[in-house]
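Before any comments, here is the structure.
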Amino acid sequence: MKYRAAMIPGSFDPVTLGHVDVIERAAAMFDTVYVTAFKNAEKHGMFTDEEKLEMLKLATAHLDNVVCSMESILVAEFAHVNHAVIVKGIRGVSDFDYETSLFHINRAIYADTDTIFIPAKQEVQHISSSFAREMIRYGHPLDNCLPKPVIAYVEAWKKRQ
């Protein structure tokens, strides 16, 4: 199947420089990229769904072909309905193993679901949302893990807490 659209699913709690790297690279390859945060009742993150969506929009505002959304359906269903290939960033072997198992699960749900893996660039390979949350929690500088518009958002968010 030829794909004109891609989707990048995640929790984005918060969106990091690593996420933005994958989003930018996918945006250069596809006509439309859906960056989709999925609601997960079992995960209790640092940020609300609305805050995560706002940070995604801020982090991708420079990309005309990126559409950000918050969804509560299955990843495979979103990909199927939107005729999109799933794009996942891979930081290492453990990510590859985990994402490969999700590929097989998604394919079992919708046989036309495909996944493309984009390896992380070396300079962002260590960055995860968990790492970013720890830096936020302990008041460390965020320049090496979050996009500038997201840093400003987080700083204002911290003042409201």
Side-chain angles (χ1 to χ4, degrees), residues 1-121 124-134 136 145-147 149-150 153-154:
M1 171 179 241
K2 266 191 173 176
Y3 292 101
R4 297 185 66 165
M7 69 160 308
I8 302 175
S11 59
F12 303 107
D13 187 41
V15 58
T16 68
L17 290 172
H19 292 130
V20 172
D21 173 56
V22 171
I23 294 165
E24 288 173 341
R25 290 159 69 193
M29 292 185 249
F30 296 95
D31 294 340
T32 304
V33 177
Y34 300 101
V35 180
T36 311
F38 284 85
K39 296 179 182 187
N40 186 338
E42 298 192 13
K43 279 190 177 182
H44 300 287
M46 179 175 274
F47 299 98
T48 67
D49 291 342
E50 294 76 18
E51 291 166 339
K52 289 187 268 188
L53 183 57
E54 183 60 29
M55 286 185 281
L56 278 174
K57 289 177 179 179
L58 289 169
T60 61
H62 64 290
L63 300 167
D64 293 338
N65 61 335
V66 170
V67 178
C68 299
S69 67
M70 178 66 63
E71 300 293 337
S72 57
I73 62 174
L74 293 171
V75 170
E77 184 176 356
F78 186 93
H80 176 76
V81 167
N82 290 284
H83 308 290
V85 64
I86 299 168
V87 173
K88 296 297 294 196
I90 301 293
R91 290 174 292 161
V93 176
S94 62
D95 282 354
F96 180 79
D97 288 343
Y98 176 72
E99 295 299 343
T100 299
S101 67
L102 290 180
F103 160 76
H104 292 294
I105 291 167
N106 289 331
R107 195 97 170 163
I109 297 167
Y110 286 102
D112 66 344
T113 303
D114 259 317
T115 301
I116 294 173
F117 300 129
I118 297 181
K121 289 182 180 175
V124 295
Q125 191 171 19
H126 68 286
I127 301 171
S128 66
S129 291
S130 299
F131 169 72
R133 286 192 304 273
E134 289 300 298
I136 293 166
C145 61
L146 299 181
V150 174
Y153 183 91
V154 168

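This chain uses plain numbering: 1 for the first residue, then up along the sequence.
None of K52, E51, R133 except one satisfies the side chain to side chain contact (heavy atoms under 4.5 Å, CB included) rule with P14; the exception is R133.
The aromatic ring centres of F30 and Y3 sit 6.0 Å or more apart. Between H19 and F12, the ring center distance clears the sub-6.0 Å criterion.
Summarising the geometry of D49 relative to M70, their closest heavy-atom pair is O-CE, 3.2 Å, with the distance given to 0.1 Å. Here the closest heavy-atom approach between residue P147 and residue V20 is recorded as CG-CG2, 3.6 Å. Considering all non-hydrogen atoms of both residues, V87 and A6 come closest at CG2-CB, 3.7 Å. Considering all non-hydrogen atoms of both residues, T113 and R107 come closest at O-NH1, 2.9 Å. Of all heavy-atom pairs spanning R25 and M29, the tightest one is O-CE, 3.3 Å. The nearest pair of heavy atoms linking T32 to Y34 is CG2-CZ, 3.8 Å.
In this view, K88 and E99 satisfy the salt bridge (charged side-chain N to carboxylate O under 4.0 Å, His left out) rule, not counting sequence neighbours. Legend: residues meeting side chain to side chain donor-acceptor pair (under 3.5 Å) with Q125, ordered by chain and number and at least two apart, are absent. A search for side chain to side chain donor-acceptor pair (under 3.5 Å) contacts involving D31 returns R4, not counting sequence neighbours.
Counting non-hydrogen atoms of other residues, nucleotides and ligands closer than 6.0 Å to CZ of F131 gives a total above 12.
Between L146 and V154, the closest side-chain pair of non-hydrogen atoms falls below 4.5 Å. Using a 4.5 Å cut-off on side-chain heavy atoms (C-beta onward), M7 and V35 make no contact. Proximity of N106 to I86: side-chain heavy atoms (C-beta onward) are separated by under 4.5 Å at one or more points. Within the 4.5 Å cutoff, the side chain of L63 has no heavy atoms near those of the V33 side chain. Between M46 and I136, the closest side-chain pair of non-hydrogen atoms falls below 4.5 Å.
Classification of the H80-Y110 ring pair by plane angle, with boundaries at 30° and 60°, yields parallel.
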